[in-house]
Amino acid sequence: MSRCRVCSHPIREFFDFERQPLSSAFPRTGELDEEYFFRLAVGMCESCTLVQLIDAVPPERAHHQGYPYHSAASSVMCKHFEQTARRFLETELTGADPFVVEIGANDGVMLRTCGDAGVRHLAVEPSGATGVRAHRAFFDAHAATRIRDADGTADVVYAANTICGVTDLQPVFEGLDVLLAPDGVFVFEDPYLGEIIERTSFDQIYDEHVFFFTVRAVGALADRFGFELVDIERLPVHGGQIRYTLARPGRREPSPAVADALRTEQAHGLAELVTLERFAARVQRIRDDLVALLHELRADGARIVGYGATAKSSTMANYCGIGPELIPFVCDTTPAKQGRLTPGSHIPVRPVEAFADPYPDFALLFAWNHAEEIMAKERAFREAGGRWILYVPQVHIV
Ligand code: TYD
Ligand code: ZN
């Protein structure tokens, strides 16, 4: 039986996507024999209600060389990280000689903005690929001790789209205990289970997302690791996230937003297995609808291409059985993905220039979390008669 990674109680499984590849391992044509697959299934802890993957990819299999996140590919994400930095500069980083640390660091936009304002900053990231001053390590007590000895305690430790992928959170919290100043805060943001359920955005479930947080589960997790959840904020980015602020116990008055969110979660039944079972039924419906639509359009002779070789699209394509016979290619701005194949589904990835050469009849928007930005940028596609296919919150054409 699987046990909760945080509190060790049994996990109740509610959905099985079966055999799935690593979402960021884009093989070359000659590398298909080496692809690694694992069982992608999700469940909820009977005790702390934390939703999590049943099986995680073993660390030696994880795709560490990956694709360092490029916020630069999205102007919306760049602005988001700049605004995050400005908020910290106005609230948490106002003392004498403040210090801000980011775990994971994305491509350094948040830290660079702090740096430009004269604030000491450091990325903690094993690959070092951040574009800012970096300590190359996984964040744990050892790394935190070295950083504290060199730079002193941190006023803010921040992590975006990182904590939900850390299988073992204990070392992270041990590190926080070492590094955070007495009144320091740990701020992290990740996809929100409430939003995934509301939008049936099941493609948020893939190897690198191990945890699907709720305010309730994060509150319990914070207690367990010796911290306190003192604030939450909903974020519109990446299909709906929550930013959690944790402090040392008793140091801050929890904001009313925490209690409000707990009430809303209870009203929506987020801690009840039956809610997740209903979600599972909607997932199958979306798959059936999407597959039927794509086959119908192809039978009518329509040309359909994919837009955005996201990690999310790995679950979507593999679970739905969408391959190159339905979608001849997917275009993406990431040079390291171009010329390769999508994981498991083996759809060729081409530069975005291929999109207009010539425009297809339909574009399946795998990068739906950037819908507004992409549709604005690709206005000419619709003007030329093209249509977007979306599958969140249900299958529809715009
Ligand atoms: P991302 O938002 O990180 O989603 P995931 O976490 O599921 O991978 O990925 C967005 C992908 O879409 C990335 O590969 C870059 C690509 N992209 C474009 O091709 N064009 C664009 O305009 C944007 C914003 C993204
Ligand atoms: Zn638990």
Side-chain angles (χ1 to χ4, degrees), residues 14-21 23 40-42 191-206 209 212 236-240 268 275-332 342-347 349 355 359-379 381-382 384-398:
F14 62 84
F15 202 81
D16 184 357
F17 290 96
E18 298 176 358
R19 193 172 167 270
Q20 292 279 336
S23 61
L40 180 69
V42 270
Y192 179 43
L193 181 73
E195 198 93 44
I196 294 172
I197 289 175
E198 194 179 318
R199 301 195 195 198
T200 321
S201 47
F202 66 87
D203 56 348
Q204 297 278 14
I205 303 168
Y206 54 87
H209 287 174
F212 303 90
V237 296
H238 281 307
H268 290 177
T275 307
L276 295 159
E277 287 163 352
R278 280 193 210 113
F279 162 80
R282 295 198 302 278
V283 171
Q284 292 170 357
R285 168 85 194 272
I286 287 183
R287 175 188 59 184
D288 295 348
D289 289 353
L290 181 62
V291 171
L293 175 67
L294 295 178
H295 280 282
E296 202 179 298
L297 295 174
R298 291 287 288 135
D300 289 346
R303 196 170 148 259
I304 314 165
V305 309
Y307 202 109
T310 54
K312 287 184 283 296
S313 66
S314 174
T315 297
M316 182 51 77
N318 286 287
Y319 170 64
C320 296
I322 299 170
E325 61 299 331
L326 282 174
I327 308 279
F329 70 88
V330 46
C331 62
D332 192 284
T342 57
S345 50
H346 306 157
I347 304 171
V349 183
F355 184 54
Y359 281 130
D361 302 300
F362 293 91
L364 180 57
L365 187 54
F366 286 125
W368 59 265
N369 52 311
H370 303 289
E372 219 174 297
E373 180 172 356
I374 290 174
M375 286 181 185
K377 185 160 65 180
E378 300 288 3
R379 200 172 294 122
F381 166 59
R382 274 199 100 250
R387 292 292 175 266
W388 295 99
I389 302 172
L390 285 116
Y391 43 76
V392 175
Q394 70 267 317
V395 177
H396 62 291
I397 294 176
V398 294

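In this structure a side-chain-to-backbone donor-acceptor pair under 3.5 Å is missing from D203 to S313. With hydrogens and angles ignored, the 3.5 Å screen pairs no side-chain donor or acceptor of N318 with any backbone N or O of S23. Side chain of D332 to backbone of A309: a donor-acceptor contact under 3.5 angstrom is found. No donor-acceptor distance shorter than 3.5 angstrom exists from the side chain of R282 to the backbone of E198, with no hydrogens or angles considered. Under the 3.5 Å distance criterion, the side-chain polar atoms of E195 are left unmatched by any main-chain donor or acceptor of S201.
Looking only at side-chain heavy atoms (C-beta outward), L365 and I374 come within less than 4.5 Å of each other. At least one side-chain heavy atom of V398 sits less than 4.5 Å from a side-chain heavy atom of M375. Put simply, the side chain of L364 reaches to within 4.5 Å of the side chain of Y391, judged on heavy atoms. In this structure, the side chains of I304 and L326 stay at 4.5 Å or more apart for every pair of heavy atoms. Using a 4.5 Å cut-off on side-chain heavy atoms (C-beta onward), H370 and T310 make no contact. Looking at heavy atoms from C-beta onward, L293 lies in side-chain contact with I397 at the 4.5 angstrom threshold. Between L290 and I322 there is a side-chain heavy-atom pair separated by less than 4.5 Å. For the pair M316/W368, no side-chain contact is recorded, criterion being any heavy-atom separation below 4.5 Å from C-beta on.
Here the OH atom belonging to Y192 is positioned 8.5 Å from the CD1 atom belonging to I197, to the nearest 0.5 angstrom. Annotation: the span from F17 atom CZ to Y206 atom OH amounts to 12.5 Å, rounded to 0.5 Å. In this structure, the separation between CZ on F381 and CZ on R387 is 8.0 Å, given to the nearest 0.5 Å. To the nearest 0.5 angstrom, R199 atom CZ is 9.5 Å from N369 atom CG. Annotation: the span from R303 atom CZ to L297 atom CG amounts to 13.5 Å, rounded to 0.5 Å.
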Exercise for the section: Just do the side-chain contact (heavy atoms from CB on, under 4.5 Å) check on L294 and I389 with the steps written out, would you? Expected result: CA-CA 9 Å; L294 295 178; I389 302 172; 4.0 Å; yes
Handout entry: Step-by-step ring pair (Phe, Tyr, Trp, His ring centres under 6.0 Å) determination, Y319 to F202
Key = CA-CA 10 Å; Y319 170 64; F202 66 87; 5.6 Å; yes
Handout entry: side-chain contact (heavy atoms from CB on, under 4.5 Å) between V283 and T200, intermediate numbers included
Key = CA-CA 6 Å; V283 171; T200 321; 4.0 Å; yes
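Nearest heavy atom pair, residue F366 against residue K312, reads O-CE, 4.4 Å. Here the closest heavy-atom approach between residue P21 and residue S314 is recorded as CG-OG, 3.7 Å. The two atoms that bring P360 and F355 nearest to each other are CD-O, 3.4 Å, heavy atoms only. The minimum heavy-atom distance between I196 and P191, with the atom names listed, is CD1-CB, 4.2 Å. In plain terms, the two heavy atoms of C331 and Y307 that are nearest each other are SG-CD1, 3.5 Å. L40 approaches D16 most closely through the heavy-atom pair O-OD1, 3.5 Å.
Enclosure of atom CD in E372 is not indicated, since only 12 or fewer non-hydrogen atoms of other residues, nucleotides or ligands lie within 6.0 angstrom.
Using a 30° and 60° split on the angle between ring planes, F14 and F279 fall in the perpendicular class, above 60°.
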